[in-house]
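These numbers were taken from a predicted model, which means no experiment stands behind them. Chain identifiers are assigned alphabetically (A, B, ...) following the order of the sequence lines, protein sequences preceding nucleic acid strands; residue numbering begins at 1 within each chain.
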Protein chains: 2
Amino acid sequence: MFTLAEENYLKAIFHLEHEFQGEVSTNAIAESMETKPSSVTDMIQKLAEKKLLTYKRYKGVQLTAEGKKVAANVIRKHRLWEVFLVEKLKFHWDQVHEIAEQLEHIQSEELITRLDKFLGSPDFDPHGDPIPDKHGVLKRTEKKLLSEIDKNQKGVCVGVKESSPEFLQYLDKKKISIGTKIRVLGKEFFDGSMIIQVFDDQFFISKTVAENIYVQTI
Amino acid sequence: MFTLAEENYLKAIFHLEHEFQGEVSTNAIAESMETKPSSVTDMIQKLAEKKLLTYKRYKGVQLTAEGKKVAANVIRKHRLWEVFLVEKLKFHWDQVHEIAEQLEHIQSEELITRLDKFLGSPDFDPHGDPIPDKHGVLKRTEKKLLSEIDKNQKGVCVGVKESSPEFLQYLDKKKISIGTKIRVLGKEFFDGSMIIQVFDDQFFISKTVAENIYVQTI
DNA sequence: CTATATTTTTAGACTAGGCTAAAAATAATA
DNA sequence: TATTATTTTTAGCCTAGTCTAAAAATATAG
Ligand SMILES: [Mn+2]
Ligand SMILES: [Mn+2]
Ligand SMILES: [Mn+2]
Ligand SMILES: [Mn+2]
């Protein structure tokens with residue numbers, strides 16, 4: 001149906017539309033895909049031809065309903081495969097993204113239907129990101145960044161914003177994973193750093209770390 | 001490491017080297033890959049550059065040790081994925097080939113190691129074809145075509161030569177699958193057709209069918 | 001409201017992997 | 001052996017997707 005490159009562009013634009021509201025710029029796409037703006041212009045013109053997004057020269061792009069559906073389906077496949085890799089093949093959560101990046105492009109409706117069933121129709125991937133349903137609908141959950149939590153409040157980790165191997169390995173070292181309870185013991189206002197408690201350990205984390213952990217307050 | 005196209009060529013040549021002994025011709029490759037001879041010439045020149053096969057103009061090609069290893073690994077991945085699709089996702093054996101054709105190109109050593117373990121290190125795929133080990137070694141089993149079996153002998157189905165959906169669905173209708181016992185009740189010499197018994201049913205099969213079922217005599 | 005900086009697009013080139021049509025080599029036949 | 005048929009290669013063209021360099025549009029600043 002769509003090429004690997006087309007699917008990757010649609011997915012990137014979908015994510016950018018959520019990150020910043022509204023139109024997405026050529027440069028933003030180029031940066032997020034580690035490609036050149038001129039390549040992006042070429043591709044978005046092709047995608048506009050195919051009615052997957054709307055495009056006016058020098059103004060950004062916006063996915064059409066069809067474009068959103070295609071993008072959400074790629075994301076659905078990516079996240080389902082990540083669940084498979086972690087739950088069934090016992091990969092660690094910092095190892096699965098690159099492989100899912102390939103698996104997300106396998107073309108077969110039936111395969112995804114069966115994979116989803118095999119996995120017990122999971123709602124979230126191993127990093128806490130929601131898995132779109134087969135119609136491309138993403139359920140939004142109320143979650144906050146750990147950095148937004150006040151002193152003496154408690155939250156349970158429900159996801160991560162960053163999911164690079166480096167960051168995930170850092171979290172492992174600190175025994176933080178999805179479901180882990182975190183209590184904020186102290187907060188420095190001038191740099192946003194925190195002292196937190198995880199199980200019986202108390203330690204310091206930087207603002208950068210706190211801004212990449214999603215929690216639900218409890 | 002290698003592109004999708006390169007992997008497909010190596011796989012096709014590997015299969016052709018086994019089917020006919022010795023060098024493989026440009027036309028044979030073109031036919032088996034449903035492409036044009038001129039395209040094949042281009043690609044085999046590239047593969048020769050990369051030392052994956054030896055090539056002398058107008059004489060055919062022959063895979064090098066390296067080329068064989070790459071090809072066998074693609075076949076290993078193809079067949080392991082087919083086992084996954086049938087054993088875990090409950091696909092039918094006539095539905096898996098096309099999907100495995102895509103999955104075989106996913107690049108990750110670790111993935112295949114884990115998939116193999118997850119599946120219990122199977123020796124054969126759902127069509128009875130042997131799965132090469134991680135070094136690319138294929139164990140040969142002694143098997144005959146049903147067409148080579150004499151009247152009144154019995155064999156157990158251990159594989160199929162053809163594995164098109166059409167043929168596999170025909171076998172289903174006749175209740176023949178891997179492990180099924182087949183007794184040859186009669187054989188016509190002028191056209192090679194047979195009367196066989198499968199469970200309690202006795203019926204006619206053409207030479208074409210008999211030439212595409214592998215059995216071990218019992 | 002100009003002048004400069006930034007963003008975006010265009011123009012032209014490249015690689016991978018195809019194709020067709022024609023030429024060259026090899027094989028088959030008279 | 002000479003001629004014809006088949007196989008294989010070459011030459012040239014195409015599309016997808018990328019790039020660099022230059023031009024054009026938009027945004028920012030004095
Ligand atoms: Mn991922
Ligand atoms: Mn991708
Ligand atoms: Mn197959
Ligand atoms: Mn393939």
Side-chain angles (χ1 to χ4, degrees), chain A residues 1-13 16-17 19-63 67 70-71 74 101-102 104-107, chain B residues 1-13 16-17 19-63 67 70-71 74 101-102 104-107:
Chain A
M1 204 63 197
F2 299 99
T3 69
L4 188 140
E6 286 170 342
E7 287 190 344
N8 282 339
Y9 273 95
L10 291 171
K11 190 175 63 136
I13 295 166
L16 289 167
E17 279 188 358
E19 188 169 343
F20 319 101
Q21 327 294 63
E23 281 95 21
V24 178
S25 75
T26 300
N27 268 6
I29 298 168
E31 189 173 353
S32 95
M33 299 197 59
E34 301 182 74
T35 181
K36 300 292 165 183
S38 54
S39 306
V40 173
T41 301
D42 275 355
M43 182 56 94
I44 62 188
Q45 287 172 351
K46 271 182 249 172
L47 294 174
E49 281 292 319
K50 297 191 178 187
K51 309 283 184 203
L52 294 164
L53 47 79
T54 55
Y55 166 64
K56 276 246 222 22
R57 278 158 75 253
Y58 294 99
K59 315 292 174 191
V61 300
Q62 204 163 1
L63 294 179
V70 173
V74 175
E101 207 57 37
Q102 299 177 61
E104 73 188 3
H105 302 290
I106 303 292
Q107 310 263 3
Chain B
M1 204 65 196
F2 299 99
T3 68
L4 188 140
E6 286 170 342
E7 288 190 344
N8 282 339
Y9 272 95
L10 291 171
K11 191 174 63 136
I13 295 166
L16 289 167
E17 279 188 358
E19 189 169 345
F20 319 102
Q21 329 292 67
E23 282 95 20
V24 177
S25 74
T26 300
N27 267 5
I29 298 168
E31 189 173 356
S32 96
M33 299 198 59
E34 299 182 76
T35 181
K36 300 292 164 182
S38 56
S39 305
V40 173
T41 300
D42 276 353
M43 181 56 94
I44 63 188
Q45 286 173 350
K46 269 182 252 174
L47 294 173
E49 282 292 320
K50 298 192 179 187
K51 311 281 184 204
L52 295 164
L53 47 79
T54 57
Y55 165 64
K56 278 247 222 18
R57 279 159 72 255
Y58 295 100
K59 318 289 171 193
V61 299
Q62 204 163 1
L63 293 179
V70 175
V74 175
E101 205 58 37
Q102 300 177 60
E104 73 189 3
H105 302 291
I106 302 291
Q107 311 263 355

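- Spacing between atom CD of B:Glu34 and atom P of C:dG17 amounts to 19 Å, rounded to whole angstrom units.
- Dashed line: the shortest gap from a side-chain N or O of A:Thr35 to OP1 or OP2 of D:dG17 is not under 4.0 Å.
- In this structure, B:Glu23 atom CD and C:dA27 atom C1' are separated by 16 Å, rounded to whole Å.
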Item checked: Test side-chain contact (heavy atoms from CB on, under 4.5 Å) applied to B:His105 and B:Asn8, step by step -> CA-CA 9 Å; B:His105 302 291; B:Asn8 282 339; 2.9 Å; yes
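- Taken to the nearest 0.5 Å, the CD atom of A:Gln21 stands 12.0 Å off from the CG atom of A:Leu16.
- Dashed line: the shortest gap from a side-chain N or O of A:Asn27 to OP1 or OP2 of C:dT6 is not under 4.0 Å.
- Every residue two or more places apart in sequence or in another chain that forms a side chain to side chain contact (heavy atoms under 4.5 Å, CB included) with B:Gln107 is listed here: A:Gln102, B:Met1, B:Glu7.
- Here the P atom of nucleotide C:dA16 and the OH atom of B:Tyr9 are 14 Å apart, to the nearest Å.
- The minimum heavy-atom distance linking A:Leu63 with A:Glu17 is given by the pair N-OE2, 2.7 Å.
- When rounded to the nearest whole Å, the span between CE of A:Met33 and C1' of D:dT18 equals 12 Å.
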Checklist line | side-chain contact (heavy atoms from CB on, under 4.5 Å) evaluation trace for A:Ile106 with B:Ile106 | finding: CA-CA 9 Å; A:Ile106 303 292; B:Ile106 302 291; 4.1 Å; yes
So which protein N/O to nucleotides 9-14 of chain C N/O distances come out below 3.5 Å?
unit_1: C:dT9; atom_1: OP1; unit_2: A:Tyr55; atom_2: OH; d: 2.4
unit_1: C:dT9; atom_1: OP1; unit_2: A:Tyr58; atom_2: N; d: 3.1
unit_1: C:dT9; atom_1: OP2; unit_2: A:Thr26; atom_2: OG1; d: 2.9
unit_1: C:dT9; atom_1: OP2; unit_2: A:Thr41; atom_2: OG1; d: 2.9
unit_1: C:dT9; atom_1: O5'; unit_2: A:Tyr55; atom_2: OH; d: 3.4
unit_1: C:dT10; atom_1: OP1; unit_2: A:Arg57; atom_2: NE; d: 3.3
unit_1: C:dT10; atom_1: OP2; unit_2: A:Gln45; atom_2: NE2; d: 2.7

Under 3.5 Å, which donor-acceptor pairs link side chains of residues 38-61 of chain B to any protein atom two or more places apart or in another chain?
unit_1: B:Thr41; atom_1: OG1; unit_2: B:Pro37; atom_2: O; d: 3.2
unit_1: B:Lys50; atom_1: NZ; unit_2: B:Glu6; atom_2: OE2; d: 2.7
unit_1: B:Thr54; atom_1: OG1; unit_2: B:Gln62; atom_2: O; d: 3.3

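- If you take CD of A:Glu31 and P of C:dT7, they are 10 Å apart, rounded to a whole angstrom.
- A straight line from CD of A:Glu49 to P of D:dA16 spans 11 Å, rounded to a whole angstrom.
- In this structure, A:Lys36 atom NZ and D:dA22 atom C1' are separated by 16 Å, rounded to whole Å.
- Phosphate contact (OP1/OP2 of D:dG17, side-chain N/O of A:Lys46, threshold under 4.0 Å): present.
- For the OP1/OP2 pair of D:dG17 and a distance below 4.0 Å, the side-chain nitrogens and oxygens of A:Thr3 include at least one atom meeting the criterion.
- The line from OG of B:Ser32 to CG of B:Asn27 is 11.0 Å long, rounded to the nearest 0.5 Å.
- What separates CE of A:Met43 from C1' of D:dA16 is a distance of 8 Å, to the nearest Å.
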